[in-house]
Amino acid sequence: MPDLLANLNPEQLAAVTLPNEPALILAGAGSGKTRVLITRIAWLIRQGYASPPTVLAVTFTNKAAREMMARLSALLPIDTRGMWIGTFHGLCNRMLRAHYRDAGLPQTFQILDTADQLSAIKRLMKGLNVDDEKYPAKNLQYFINNAKEQGLRPKDVDATDAFNRKFVELYEAYDQQCQREGVVDFPELLLRCYELLAHNPPLRAHYQARFRNILVDEFQDTNKLQYAWLKLLAGEHNAIFAVGDDDQSIYAFRGANVGNMHDFEREFRVRNLIKLEQNYRSHGHILDTANYLIANNARRLGKNLRTDAGHGEPVRVYESATDSQEAGWIVEEIKALINTGVSRGEVAVLYRSNAQSRTIEHTLVNAGIPYRVYGGLRFFERQEVKHALAYLRLIDNPNDDTAFARVVNFPTRGIGARSIEQVADAARLYNCSMAAAVPYVTGKAGSSLGAFATLIAKMRAETQQMSLPETVEYVVRTSGLAAFYEGEREGQDRLENLQELVNAAAAFVSEEGYGLDTPARSIPLRPGATAVPEIVSDDGEIEVLDAPNIADPAQNPDTMTPLAGFLSHASLEAGDNQAQAGQDAVQLMTVHAAKGLEFTAVFITGLEEGLFPHENSAQESDGLEEERRLMYVAITRAKERLYLSFAQSRMLHGQTRYNIRSRFFDELPEGSLKWLTPKVEAGARWGGRADNAGWGRDWFARPGHERGGSSYPRDEAVSAALPAFANQQRAAESGFKVGQAVFHTKFGEGTVTALEGSGGDARAQVRFKRHGEKWLALSVAKLQAVE
DNA sequence: GTGTCAGCGCTTTTT
DNA sequence: GCGCTGACAC
């Protein structure tokens, strides 16, 4: 089929048409990785080597899964419904829903997101009287999630000291609490699913027989548990087609294990390793810059990107005195880009940490340039939305104490902390849910609690036959949430979001293909529905149906109610996290958030030691290599223009910090760079590094090394500089003039470019011939006027 | 039960 | 420098 394989380069073609054997595709940035993955699936099906139900394709984000689905349907005229395409969590959820009894879960089990999990942990610790100072809830959360991602249950964790034993004990109590409440957290979805397959041979055999074509995107981001889950599904005979890029592994901090790539190669005896090195995104100088940099990493599978595009523009580098001056320069460059016809949406400003966005935002606002910041609260994470969802959860599952605690007194109905504690105590005493414990609490508190219980019971009864959107709307009204926000001065946005939640429910119903009036809380029987794909494989292997506890698909074509599906959807897909979409706007985001995206012009900002590479990464093993990969990801986002900038001083955590430029500059090819400010040789900076042992390069060499305070020492008493134009009129007082030639004992000859302050605070900005631009305190610096 | 204020922490993030 | 959390006062 020439149309499908047309325009593939030889490596891509080879990857797409590999035999059904384990394969590892090392796909560099911009090498057409997604295209290969999608074309591979399409090719397998068109050739008749695979039928849709034998395909399982897994990604990390819903966005990637959606994109894969969309592009695949565009490529294939056939129904892609039989395929399992989704995130690890989404697919595990699907499997657990289908086999909830085997997995030991209630049919209506709910998914806790990270915030729900933390509040569940806090509630647990309060009930057990655990000192939050000694055992912070956040640390316990990390401990639990980490253990689960390693595949470890409490009994499997090796606790060497009393402290860890306490954590293990709490981990166990937490798991019991979740089990009683019928809720699972994110890592539990994966671990539960893994155990389901591991402990149930007929079920495992069924899925292994079914998924003969397993494809994994972003393989370098998989953690140990995800890899183990994949191995279980692959069994002895199924081929895994893994696509990834070790150079773009930037998620070690959340458990990603690049080592999985190497393990996969070894354990599956991968004979088909294909490198996609042809880059279709960036111009030559940009690509050279990326290649040079990443070559400094020791442990790589090895790859070098090439392009047919010309060299293009050199990479521009700019040094500034302060972060606000850096922002000013960025804005000027953006204006120039826009003038040359680049649209705002094709310009991205990247930074290492979110805190850096503010200065840039301010400057953009002042310049009147529309921008969009990625990150921040997402739709389903908003408090009013979470409140509404909590009511829905409580209706569906009375045992969900997290939901109960969240809304028992919201909107306020006279139930105080004391009463809630009484309920929690009673629940513990009788080993039941908080909702069930309400009758045990008597007195005045009992009556308001009773009213709440009555309200929930009423909601549960009255929504019995309602459709999902009707249910959501009913709950928003009956719970009192709508009335509450109507009364709030700032409640308008929240009200709109609640309305949006009703719309989201309607959209969900239509996307899932339910009838509009399908009751939200019963398992729908769709007319003409075929057997559930997860039970019967395409070639009619149905012997597994005789196994105990496997639902009869003829009776239950769906495995969850629309409401349960919607609640899962809300947890698994928290929604868009972009601010106001729509308008053509400059894109601001962290480097992490930029992964997978591309822009005509990219600014990488704050390239300073301690910031990028980040100082905290020095403590982590391989931290510096991960930072370098992060820089590699940042560089490879750019198509035509790349700008790198750093500032001598920067406001951070309310303090001015003085930084030196990132070591990454020393790892870039000089021939591809164009310094807009003079490049200062490393040895010449601040009078030489020898005077400053213990900072700069050294802190990376010594893990855990403490630097005094949070700001770097400096041998010139240079204070944070205001914009250069500020106080030029003070020139006469200081004895210097802008434009005047001067001489400094360390930096040599230069020209005054700005002056500010007076008396002991007088400062001059000087552009030195060999050392670039610096702010100098005139009372300290030995600066002489040159006639 | 609601409002205020001090204290804390602060890299990156998806599910 | 800022936003969130928890303790305490009214």
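All chains are named by letter (A, B, ...) in the order of the sequence lines, taking the proteins before the strands, and each is independently numbered beginning at 1. This one's a predicted model, so the numbers in the text were calculated from it and none came from an experiment.
Rounded to whole Å, the distance from NZ on A:Lys63 to P on B:dT13 is 14 Å. With rounding to whole Å, A:Gln248 atom CD is found 17 Å from B:dT14 atom C1'. Atom CG in A:Leu611 sits about 12 Å away from atom C1' in B:dT12, given to the nearest Å. Rounded to whole Å, the distance from CG on A:Leu96 to C1' on B:dT15 is 14 Å. Straight-line distance from the CG atom of A:Leu630 to the C1' atom of B:dT12: 7 Å, rounded to whole Å. In this structure, the CG atom of A:Asn616 is 10 Å from the P atom of B:dT12, given to the nearest Å. Residue A:Gln356 contributes atom CD, which lies 17 Å from atom P of B:dC10 at whole-angstrom precision. Between the CZ atom of A:Phe380 and the C1' atom of B:dT13 there is a distance of 19 Å, given to the nearest Å.
When each of B:dT15, B:dG1, B:dT13 is scored by its nearest atom to the side-chain atoms of A:Thr412, the top-ranked nucleotide is B:dG1.
A:Phe410 and A:Phe484 have their aromatic ring centers within a separation under 6.0 angstrom. Ring to ring, A:Phe253 and A:His592 are close: their centroids are under 6.0 angstrom apart. For A:Phe219 and A:Phe60, the gap between ring centers reaches or exceeds 6.0 Å.
Heavy atoms of A:Asn409 sit nowhere under 4.0 angstrom from any nucleic acid atom. Using a 4.0 Å heavy-atom cutoff across all strands shown, A:Lys122 reaches sugar-phosphate atoms only and no base atom. Residue contacts for A:Glu620: at a heavy-atom cut-off of 4.0 Å it reaches a base atom on one of the strands shown. Among the protein residues, A:Phe60 comes within range of the sugar-phosphate backbone only, with heavy atoms under 4.0 Å from sugar or phosphate atoms but none that close to a base. Counting non-hydrogen atoms under 4.0 angstrom, A:Tyr251 reaches the backbone sugars and phosphates but no base.
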Would you sort out whether A:Arg97 and A:Asn93 count as a side chain to side chain donor-acceptor pair (under 3.5 Å), showing the intermediate values?
-> CA-CA 6 Å; A:Arg97 296 281 171 191; A:Asn93 179 47; 3.2 Å; yes

Any chance you could lay out the side chain to side chain donor-acceptor pair (under 3.5 Å) test for A:Glu608 and A:Ser662, step after step, and finish with the verdict?
-> CA-CA 4 Å; A:Glu608 295 135 40; A:Ser662 171; over 6 Å; no

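The distance from atom CD of A:Glu609 to atom CD of A:Glu615, rounded to the nearest 0.5 Å, is 10.5 Å.
Residue A:Thr590 has a polar side-chain atom (N or O) positioned under 4.0 Å from OP1 or OP2 of B:dT13. Close to B:dT12, at under 4.0 Å from its OP1 or OP2, lies a side-chain N or O of A:Asn354. Applying the 4.0 Å criterion to OP1 and OP2 of B:dT14, one finds that A:Thr87 has every side-chain N and O outside that range. For the OP1/OP2 pair of B:dT13 and a distance below 4.0 Å, the side-chain nitrogens and oxygens of A:Arg378 include no atom meeting the criterion.
Remark: A:Tyr391 pairs with no residue by the ring pair (Phe, Tyr, Trp, His ring centres under 6.0 Å) rule, at least two apart or across chains.
With respect to A:Arg628, the side chain to side chain donor-acceptor pair (under 3.5 Å) criterion is satisfied by exactly one of A:Asn296, A:Asp247, A:Asn297: A:Asn297.
With hydrogens and angles ignored, no donor-acceptor pair under 3.5 angstrom links the side chain of A:Ser571 to the base of B:dT15.
For A:Phe253 and B:dT12, the ring-to-base geometry satisfies the stacking test (centroid distance below 5.5 Å, interplanar angle below 30°). Aromatic stacking is marked for A:His614 over B:dT11, as both cut-offs hold: 5.5 Å for the centres and 30° for the planes.
Mapped onto DNA chain B by nearest heavy atom, A:His592 and A:Ala417 fall at different nucleotides, with A:Ala417 at the one closer to the 5' end.
When DNA chain C is scanned in the 5' to 3' direction for atoms under 4.0 Å from non-hydrogen atoms of chain A, the outermost contacting nucleotides are C:dG1 to C:dG6.
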